[in-house]
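This report concerns only the one structure given below.
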2 protein chains.
Amino acid sequence: MVRKPTSKETARKPNMREAILAAAEELFATNGFNAVSVRDIAQAAGANPGSVTYHFKTKDGLLLEIYRRHCGPMNLRRFELLAAAKRVRDLQDRLEAIVRAYVVPAFTSGSDLAGGGARFTRLRAVMSAEGNEVARKIIAQTFDDTSHAFVDAIHESLPHIPRTDIVWRSHFLLGALYYSLVTPDRVSRLSRGEADGGDAASAIEQLVQATVAAFQAPPLDHVAPARRRPVVGSKI
Amino acid sequence: MVRKPTSKETARKPNMREAILAAAEELFATNGFNAVSVRDIAQAAGANPGSVTYHFKTKDGLLLEIYRRHCGPMNLRRFELLAAAKRVRDLQDRLEAIVRAYVVPAFTSGSDLAGGGARFTRLRAVMSAEGNEVARKIIAQTFDDTSHAFVDAIHESLPHIPRTDIVWRSHFLLGALYYSLVTPDRVSRLSRGEADGGDAASAIEQLVQATVAAFQAPPLDHVAPARRRPVVGSKI
DNA sequence: ATGTGATTTGTACTATCGTACAAGAAATCA
DNA sequence: TGATTTCTTGTACGATAGTACAAATCACAT
């Protein structure tokens, strides 16, 4: 008898499933994938190890589901903000708006998941550093479109800069963004307590201002790629 | 009978010990600490798992030795280059020289270890992302002095920028530097093959130019830290 | 050459890993 | 309520982890 198909997506008691996802997200984001065991996750979620297997089949499946959960909303939000940014008339303001459209959703959640934005971005940073295979596949599929869209948008507001330079600089942006989420305490330490590296608002402002300036830097001359400028006492 | 004490540091056959160190460095830097087993390392080095235990006692000990091997030379080189950079008259050129003094030793080896600079820096990036305890201790001890010295030097050539901003921006520099070494292929992909993310010389030039511009960005006004500027359609 | 200490090998032990699976508990709908 | 589906629990299995240790091997000073 076919009733309401009780779609698999709308499980009846999502509590435990959600708890496992949240716990896994937190643990993976802070310790890496391999350092965290399924038992660690289950314990942190107040669940039984078997439950993890039941809901996600494998540990990779659990990671996959975390990505599925966040990628869509975050990129959607980025595209919304990018579209709005593109409508900004003033070129300088537009560039800043574009950068902000890229940065803000990474710190704050694009979905209704509480505070999940920064946590998920940190997770991506860690998976990227570990060269995680599952993550790599999803990233290439899901985020390259977004990245290209932003590179193109930035290039439009900085037509005199070669696209190659834009790519490098946006790569640096992502690296800085990642690192800010991975070791915020380093900022606090180096500033001798004057700055709070964990404060998302400060991080966003600092990152946006620094990055806008970096994008506006004069283009590199690609004529003589080797040894453009004498390096002080270096042997490179 | 006490002969020449055959100092423990000058072992008779350092080949295997070195091979293990090199293999571990490479594997840790690309896969993370926990994803790599002692057996993996031994196999890559053409050694027996027991040899690893013999030379380094534990897996943590092996990681520790890798750090010991590189930290000194790299920081020494950085300080040499920094001292030279500080003697540059022109302020703009000096700033660039300082940034270069920070970046170059991270890509190229400060010691005689072939190509070890980039590999070790990548290792640090990965350990940092994984929150590795052994690494965290050494980093705080060894690199904070260096970082402070560079922050101070940069601050001297940019006196009108608050130190806090300098700290943030140098933090971004390190993040960008790390990320360039972790996923160089992303640069190649996003530039559609026009740039080679793995080319150290390009990476250095791009990073230096972008970072110098970022440091020179106008300071953030710290008066109204919250919501300095309306965010396009955002809820942060 | 030979003995001695340094190194390498082989193997084993215990702990923990990811995952499977059967049995129990809970929830849903006729 | 009772039947059926959905979820949770407990336990177990094979694989692999880090490390220990005794035996075998090597390099070199005498």
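Naming convention: chains lettered A, B, ... in sequence-line order (proteins, then strands); numbering from 1 in each chain.
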Helical bend (five base pairs per end, nearest 10°) for the helix from dA1(C)-dT30(D) to dA30(C)-dT1(D): 10°
Member of N132(B), I66(B), V134(B), I139(B) meeting the side chain to side chain contact (heavy atoms under 4.5 Å, CB included) criterion with M127(B): N132(B)
Charged N-O contact under 4.0 Å between R122(B) and E25(B): no
Short side-chain N/O contact to dC7(D) OP1/OP2 from Y54(A), under 4.0 Å: yes
Partners passing side-chain hydrogen bond (donor to acceptor under 3.5 Å, both in side chains) against Y102(A) (at least two apart in sequence or in another chain): none
E18(A) CD - dT8(D) P separation (whole Å): 12 Å
Distance-only donor-acceptor check, side chains N31(B) and E130(A), under 3.5 Å: no
Minimum-distance nucleotide to T58(A) side chain [options: dT8(C), dT19(C), dT19(D)]: dT19(C)
E65(B) and R17(B) ion-paired at < 4.0 Å: yes
Residue-phosphate contact under 4.0 Å: H55(A) side-chain N/O, dT8(D) OP1/OP2: yes
Rounded distance (Å) that lies between atom C1' of dG18(D) and atom NZ of K57(B): 12 Å
Of residues 38-48 of chain A, the positions that come close to DNA chain C - non-hydrogen atoms, cut-off under 4.0 Å: V38(A), R39(A)
Given DNA chain C, 5'-ward residue of the pair V52(B) and S37(A), judged by closest heavy atom: V52(B)
Parallel, tilted or perpendicular, as decided by the 30° and 60° cut-offs, for the rings of F33(B) and F28(B): tilted
Interface residues of residues 26-36 of chain B with DNA chain D (non-hydrogen, below 4.0 angstrom): V36(B)
Pairwise ring-ring contact (aromatic ring centres under 6.0 Å, His included) hits with a residue in residues 169-191 of chain B, at least two apart: H171(A)-Y179(B), Y178(A)-Y179(B), Y179(A)-H171(B), Y179(A)-Y178(B), W168(B)-F172(B)
CZ on F215(A) to CD1 on I98(A), rounded to 0.5 Å: 9.0 Å
Spacing of M16(B) atom CE relative to dC26(D) atom C1', expressed in whole Å: 12 Å
Gap between atoms NZ and P, on K59(B) and dA15(C) respectively (whole Å): 19 Å
d(CZ, F56(A); P, dC7(D)) in whole Å: 11 Å
Summary of side chain to side chain donor-acceptor pair (under 3.5 Å) pairs that have at least one residue in residues 32-46 of chain A, sequence neighbours excluded: S37(A)-D40(A)
R186(B) to F143(A) six-membered ring, cation-pi geometry met (6.0 Å, 45°): no
Where G32(B) and V126(B) come nearest, the two heavy atoms and their spacing: CA-CG1, 3.6 Å
